[in-house]
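Written below as structure tokens is the structure these notes are about.
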Amino acid sequence: MSTPLKSEKKKMSTPQQFRQVVTIPSKAEENRGWEESVVTGADSAAAMSVQEYLEKHLLPRKIEEAVNAAVRAKAADPVLFISTHMRRAAPAVITQVRARQILDSRGAPAVEVDLHTNKAVHRASAAGAGAPEGVAVDATRDAEKRRLLAKAVADAVRLINGKVSEALVGMDPQQQAQIDQAIMDLDKAHHKTELGANAMLAVSIAACKAGAAEKEVPLYKHIADLVGKSATTLPVPAITVINGGTHAGNSLPIQEIMILPVGAKNFEEALQMGSETYHHLKDIIWEKYGANSCNIGDDGGFAPNISSITEGLDLVIAAIDRAGYNGRIKLAIDASATDFCIGKKYDLEFKSAKKTGQNFKTGDDMIEMYSQLCSEYPLVSIEQPFDKDDWEHSKKFTTLELCQVVGDDLLMSDPERIKRAVNEYTCDALTLKANQVGTVTEAIEVVKQAKDAQWSVMVSHRSGDTDDSFISDLAVGAAAGQIKAGAPCRGECLTKYNQLLRIEEELGSEGLYAGENWRTAAS
């Protein structure tokens, strides 16, 4: 049985007596378990009366204000009301930033951050640190690359727990631009090679969540305030249904075939249409190619062993027809052509062991191929149709205005490359991958740059993503009109789509689904 505290053995003091016995505990008393003690001669110098404590912290005035507020509000639970009022009266400040290594959806190292304020803890994560300098893209599954990635993330964690935390302690989480500037000041390299853009983004997102919490508004509303827009537009999802390229083990050269439910009346129906089509596609693939062809790729799309782009599009058209959504769902592809560009030509058989040589195409051949696809299918968007440095053919194709041309590798969310693309008209839409720029503030500036050019904006996840749903709030807050988050089956993808369902429910009648205006919502 524990020994009673000294205070339990004494008679209860009157308020007047109590003012004479309250003390600031000495170190010795802390070590003994913070037992209450009576002030005696030698300790009297350290004593602080209740009255002195109240006056030091201006508590009488603050308590009176809280009580008056409760009376005016006719609070049913005055204690809860007053405690909430008092909590709001204390401004939030960042007290600590802690990072750790986690694993992304591919099992690769990623950064997770807990940003502590004096009121709460806010968590965020960003996809893996990307390929270290000098490691080839085609070494994705190489053990040495994974070792280097782990080291890069470990270094980032150490820097966040040290320099970054020190720089942010004491800052107001509502001041996103100031926080992001403090982060950027710690890594001035153009490609953010010291901290890494993903690590910087995780800290920035955590701060953004803290800022929204302090303002007591949803995250998308806080982002909208930062952008200078009203947060009411729900994006059209570009839902991955077939994977190829470097994201799947089949022979399909392009990375993704996607569906856009532009004919839905709201986001909830759009996601339902996408999910139903996805499952009908699985049945069709099973019937035509067998169960082994129903395996999925990195983004959750099915990966049947096909090599023809038209064959893949035909499968999706059949699934849309079987689901009963003809005319209400459009098609999109992410060619990710940088992956199969060799010199100045494009090898559509780059994954085949036996090459015929008939699919080694020039840039002009690719333009002809894309033009034919746009004429034969309801294909409304092509992402990265050419190599990241093939400005010439990207411009030629964009000027045809056959579909939305989305810059990914071409732009890399880099303001300078975007500026050049705008001037040369080498694309007319931006793939926004926030971890390419590093902070929320920089991502917002890139969105503004694209909108000023009357471009469309597609907020995108990363292959090998985490379960953080921030991009859903970003898509709504920035009024992007489009979001690309993978297939309706993997956890890291569904967390984004499910968050959009919650946002739409919260917005109620104020929520507007981009729908047929998916290209103009951003501007």
Side-chain angles (χ1 to χ4, degrees), residues 218 220-221 223-225 227-241 258-275 277 320 325-334 374 377-383 398 400-408 411 418 422 425 427-432 443-444 446-461 471-485 488 496-497 499-523:
Y220 63 86
K221 177 64 170 63
I223 294 170
D225 291 342
V227 175
K229 290 278 186 179
S230 60
T232 58
T233 303
L234 278 297
V236 170
I239 300 172
T240 303
V241 290
M258 298 167 283
I259 55 175
L260 279 68
V262 297
K265 65 178 182 293
N266 54 37
F267 182 82
E268 181 181 12
E269 185 183 42
L271 191 58
Q272 179 181 340
M273 291 167 64
S275 180
T277 303
I320 293 171
Y325 294 126
N326 279 328
R328 300 180 66 194
I329 293 179
K330 302 299 183 182
L331 302 182
I333 63 175
D334 178 0
C374 288
Y377 297 91
L379 183 61
V380 296
S381 178
I382 301 180
E383 183 178 349
T398 303
L400 296 177
E401 298 186 346
L402 298 175
C403 67
Q404 173 179 263
V405 180
V406 190
D408 182 7
L411 305 175
I418 293 173
V422 170
Y425 196 46
C427 61
D428 56 17
L430 164 72
T431 298
L432 175 63
I444 288 173
V446 166
V447 169
K448 290 179 178 179
Q449 187 180 8
K451 289 182 177 184
D452 288 344
Q454 301 299 306
W455 279 11
S456 307
V457 177
M458 179 183 285
V459 175
S460 177
H461 71 150
I471 67 166
S472 300
D473 289 85
L474 178 61
V476 175
Q482 304 172 51
I483 187 170
K484 176 182 174 183
K496 279 81 168 171
Y497 293 134
Q499 175 65 1
L500 286 165
L501 290 174
R502 299 182 195 103
I503 293 173
E504 182 171 67
E505 180 183 280
E506 189 171 277
L507 284 172
S509 59
E510 294 181 4
L512 176 67
Y513 178 61
E516 297 288 351
N517 298 317
W518 59 281
R519 290 194 66 180
T520 57
S523 56

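Nearest approach of Thr233 to Ala514, heavy atoms of both residues: CG2-CB, 4.2 Å. Between Ala480 and Val459, the shortest heavy-atom contact is CB-CG2, 3.7 Å. Minimum heavy-atom separation, Ser472 to Gln499: CB-CG, 3.8 Å. Of all heavy-atom pairs spanning Pro261 and Ala270, the tightest one is CG-O, 3.4 Å.
In this structure, the side chains of Arg519 and Asp428 come closer than 4.5 Å at one or more pairs of heavy atoms. At a threshold of 4.5 Å between non-hydrogen side-chain atoms, the residues Pro218 and Asp473 do not count as touching. You'll find the side chain of Val476 reaches within 4.5 Å of the side chain of Leu234, heavy atoms only. Using a 4.5 Å heavy-atom cutoff, the side chains of Cys403 and Leu379 are not in contact. Side chains of Met258 and Ile239 form no contact here, defined as non-hydrogen atoms less than 4.5 Å apart.
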Give the intermediate values and the outcome of side-chain contact (heavy atoms from CB on, under 4.5 Å) for residues Ile382 and Val405. CA-CA 5 Å; Ile382 301 180; Val405 180; 5.8 Å; no
Determine whether Ile259 and Leu331 satisfy the following criterion, side-chain contact (heavy atoms from CB on, under 4.5 Å), listing intermediate values before the conclusion. CA-CA 5 Å; Ile259 55 175; Leu331 302 182; 4.0 Å; yes
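Partners of Ser381 according to the side-chain hydrogen bond (donor to acceptor under 3.5 Å, both in side chains) rule, which considers only residues two or more places apart in sequence or in another chain, are Gln404. The side-chain hydrogen bond (donor to acceptor under 3.5 Å, both in side chains) test applied to Glu383 returns Thr431, Lys484, not counting sequence neighbours. Partners of Glu401 according to the side-chain hydrogen bond (donor to acceptor under 3.5 Å, both in side chains) rule, which considers only residues two or more places apart in sequence or in another chain, are Tyr425.
Note that the CZ atom of Arg328 and the CD atom of Glu516 stand 10.0 Å from one another [nearest 0.5 Å]. We find the NZ-CG distance between Lys330 and Leu260 to be 10.0 Å, quoted to the nearest 0.5 Å. Put simply, CG on Leu411 and CD on Gln449 are 9.0 Å apart, with the number rounded to the nearest 0.5 Å. Leu501 contributes atom CG, which lies 9.5 Å from atom CG of Asn266 (distance to the nearest 0.5 angstrom). With rounding to the nearest 0.5 angstrom, the CD atom of Gln482 is 10.0 Å from the CG atom of Leu430. The distance from atom NZ of Lys496 to atom CG of Leu474, rounded to the nearest 0.5 Å, is 12.0 Å.
A donor and an acceptor atom, one from each side chain of Tyr513 and Glu269, are nowhere located under 3.5 Å apart.
In this structure, Asp452 does not pair ionically with Lys448, as no charged nitrogen and carboxylate oxygen lie closer than 4.0 Å.
Listed for the Lys451 side chain is a donor-acceptor partner under 3.5 Å among the backbone atoms of Ala478. Of the possible polar contacts, none joining the Ser275 side chain to the Leu271 backbone as a donor-acceptor pair under 3.5 Å is found.
Screening Leu507, Leu500, Val236 for a side chain to side chain contact (heavy atoms under 4.5 Å, CB included) with Phe267, the sole residue that qualifies is Leu500.
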